[in-house]
Structures are given as structure tokens and as C-alpha cells.
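Below is one structure, written out as C-alpha cells; comments come after it.
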Amino acid sequence: MIQIQTFLRSIGSMFANLFLYPDWRNLVDIAILTVLIYNVIKLVMHTRANSLFKGIAVILILSWLSETLEISAVSWILQQIISMGVVVIVIVFQPELRRALDQLGRSKLTRQMFSTSKRQHSDHTEQHVSEIVRALNNMARKKIGALIVFERSTGLGDVIESGTVVDAEISDPLIENIFEPNTPLHDGAMIIRDERIVAAACILQLSDDYTISRELGTRHRAAIGITESTDAISLIVSEETGIISMARDGKLTRYLDAKSLTILLTEIFSPDRGKGDSWVSTVAERLEGLSNRIGPSRRKGESHEE
């Protein structure tokens, strides 16, 4: 409890100095703290860390009460827990800390600082886009499940190593053959890097977001999971309903059509042609609005996907 009191006194002194002795440095201090606190709240909101933060608050309150009421045994136990707080926080919040550092590393400023070369794009981008769109539509019509992950700035080397290396040109027959049921590579994710199919049957970590609809199965959770920890974009074909969906930044957008897929894939392969991620964001927003309008009527007829 002594550590907590010392910490709170230090915080109080710091804010007193900020307002009693105004200076431009103090304004910068306040602005930086505001941004940091906002981003921490944004990071943990709607995740399991939100509940963990509440649990930490309860421990601090109990520690204060036990100290005030002079309950020695309980106070000593809580003080031991709090004294190891830094180590416990690092262990408990490891996924959130990893996500925060990953987002920092993928920021535009960081990419500009450490980028040494520009991505090389193929002269056959339009052909590759049409091949992927045709394959997705054919599999959707036949209700063949598929999961395709497009690598962007964050490397997926560890994911590629979990599957089978293919290293082949993008083509409709090859994509459909890989995801054909009862074939060796159909179960898992296909990874596309620099307009080439680099691997198939790759294993992805499932998302642990409890807010995901229960009607979505393992394939959709894996697609969302890879986009939570990287900047990759995933395209999914449901084997139950034939619906084509996109996962990006941990969010799922459903009911994609050929036109939307063409715009999205063109932007993935050639980001310099437009306004960078703004095109993808615009497509995602439009598709999300469309999904919200037509989704409820279709969900009534959908069954749970294994």
C-alpha cells in the first residue's frame, strides 16, 4: 500500500506542477498523456483486457480498505500481489501489448522511417485479380469452403512455414483445385504474397474475440484472428452458405460481390494506384453498410458452420 500511496502522491505532484507552473512543455505533456490514455482505452475496449482492468481496480480498492481497516493478513497478501504488479501485467496483457507494438510498427510514420524499398508489382495484376474473383465466385456457387490470406507489410513467414510451400502463379483452376474437398491441401489457409501463391494448408491462430457471432465457424475465426495480429486481409468462402466475406483489422464484412472483390484486390496488389488504404477502407465501409442492411434477412436461413 505504501507503493500505491507514493505513486498517487507523485501523480498528484506532477499534475499540480502542470497547472501551477504553466509552460508549453506542460501542454505537450498533457497532450501526449491524453493520446496515450485514449489509445490504451481504445485498445482494451471490447476485449478481455477490459474485464482484467476492472479486476485490478477491485484489488486496489480492497488493498486500500484493508489498510484503512487495519486487516493485517489481507493487507499483507494484497501488498505482495501489488508488488509484483509489473510482472503480472506484462504476463496477463501479453496479447494486448503485442498488438499495440505491432500497430506501432505498422503505422505510416514507422513504415516511412524504416522502409528501404517499394513493393514490386506484376504487369499481370488485372489478370490475377480476375482469376481470384472467378475462383471465389465458382467456389461460392458450389459452396466449397476457402480461406485466402493476402500478405501486406507484415510478414507471414511463420504462418507459411506451418503449411505446404506452393510458389505458383495465381490461376483459377489451381485455387479451386487446392480447396477441392478431400484433397491434401484443402484444409487450411492459402497465403498470397506479391501476386504469387506461396503456400497452402497453413495453420492460423483463431480469434479469441467473444463478440464474434456464434453462427461463424472455425474458418471465419481463423480469418479474423490473422487480421487482428497483422495487417493482412483475408477472404473467406462459407461452405455452408456460399457467402464471400472479408476480414480486415479484426472486423468481418460479409456478402461481397464480384465488383467489390475486384476493387478490393486491385487495391491490395496495387496500393500506389489510389490513395493507399483509403480505397480499402472505403470498400470495407460500403460493404459493411450493405451487410448490415441485407444480413438480418439472410441470417435466418443460415445454419452453424463447422
Side-chain angles (χ1 to χ4, degrees), residues 119 121-152 156 159-160 162-204 216-224 226-227 232-248 252-271 273 279-280 283-284 286-287 290-291 298 302 305-306:
R119 289 181 58 186
H121 301 289
S122 170
D123 295 331
H124 307 287
T125 296
E126 293 184 3
Q127 177 185 350
H128 293 159
V129 169
S130 63
E131 293 283 343
I132 297 174
V133 172
R134 189 182 306 115
L136 290 171
N137 285 328
N138 290 341
M139 291 186 292
R141 186 177 64 256
K142 300 175 185 177
K143 292 186 178 180
I144 297 176
L147 171 54
I148 303 177
V149 179
F150 298 87
E151 181 188 81
R152 301 176 75 195
L156 300 178
V159 176
I160 293 172
S162 68
T164 301
V165 176
V166 177
D167 192 20
E169 286 284 342
I170 295 174
S171 68
D172 168 23
L174 177 58
I175 295 175
E176 292 189 48
N177 185 68
I178 286 176
F179 289 110
E180 184 69 25
N182 301 321
T183 56
L185 303 179
H186 85 282
D187 191 14
M190 173 187 293
I191 310 297
I192 293 182
R193 170 198 287 167
D194 295 336
E195 299 190 39
R196 288 187 66 85
I197 301 174
V198 294
C202 297
I203 300 173
L204 305 182
L216 301 177
T218 304
R219 182 176 291 108
H220 289 80
R221 291 182 179 273
I224 295 173
I226 189 66
T227 64
I233 295 179
S234 303
L235 291 177
I236 317 101
V237 178
S238 170
E239 64 181 348
E240 293 290 333
T241 62
I243 294 173
I244 303 176
S245 306
M246 174 188 71
R248 177 173 178 263
L252 187 70
T253 304
R254 309 187 70 186
Y255 309 105
L256 276 69
D257 57 13
K259 182 178 180 181
S260 301
L261 287 171
T262 301
I263 297 174
L264 174 66
L265 292 171
T266 302
E267 178 57 32
I268 292 174
F269 291 147
S270 304
R273 292 178 57 179
W279 272 67
V280 181
V283 173
R286 291 178 181 176
L287 292 174
L290 178 62
S291 175
R298 293 192 182 184
E302 294 179 5
E305 180 182 349
E306 294 297 328

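The minimum heavy-atom distance between R196 and I170, with the atom names listed, is N-CD1, 4.1 Å. Across T227 and A232, no two heavy atoms sit closer than the pair CG2-O, 3.2 Å. Of all non-hydrogen atoms in H220 and S245, the two that sit nearest each other are NE2-OG, 4.0 Å. A247 approaches I236 most closely through the heavy-atom pair N-CD1, 4.1 Å.
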*Intermediate values then yes/no, side-chain contact (heavy atoms from CB on, under 4.5 Å), D257 and S260*: CA-CA 5 Å; D257 57 13; S260 301; 2.8 Å; yes
*Just do the side-chain contact (heavy atoms from CB on, under 4.5 Å) check on T253 and R248 with the steps written out, would you?*
CA-CA 8 Å; T253 304; R248 177 173 178 263; over 6 Å; no
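Counting heavy atoms from C-beta on, the side chains of L235 and L264 come closer than 4.5 Å. Side-chain atoms of M190 and I197, non-hydrogen and from C-beta on, do get closer than 4.5 Å to each other. Residues E169 and E131 form no side-chain contact, since every pair of their non-hydrogen atoms from C-beta on lies 4.5 Å or further apart. Under the 4.5 Å side-chain criterion, counting only non-hydrogen atoms from C-beta, I226 is in contact with V159. Looking only at side-chain heavy atoms (C-beta outward), V198 and L156 stay at 4.5 Å or farther from each other.
Here the side chain of T241 pairs no donor or acceptor atom with the backbone of S238 at under 3.5 angstrom. For the pair T164 (side chain) and A201 (backbone), a donor-acceptor distance under 3.5 Å is absent.
Interatomic distance, M139 CE to I148 CD1, rounded to the nearest 0.5 Å: 5.0 Å. Considering CD1 of I160 and CD of E151, their distance stands at 5.5 Å, rounded to 0.5 Å. In this structure, I233 CD1 and R152 CZ are separated by 4.0 Å, a value rounded to the nearest 0.5 Å.
Side chain to side chain, N137 and R134 fail the donor-acceptor criterion of an N or O pair below 3.5 Å.
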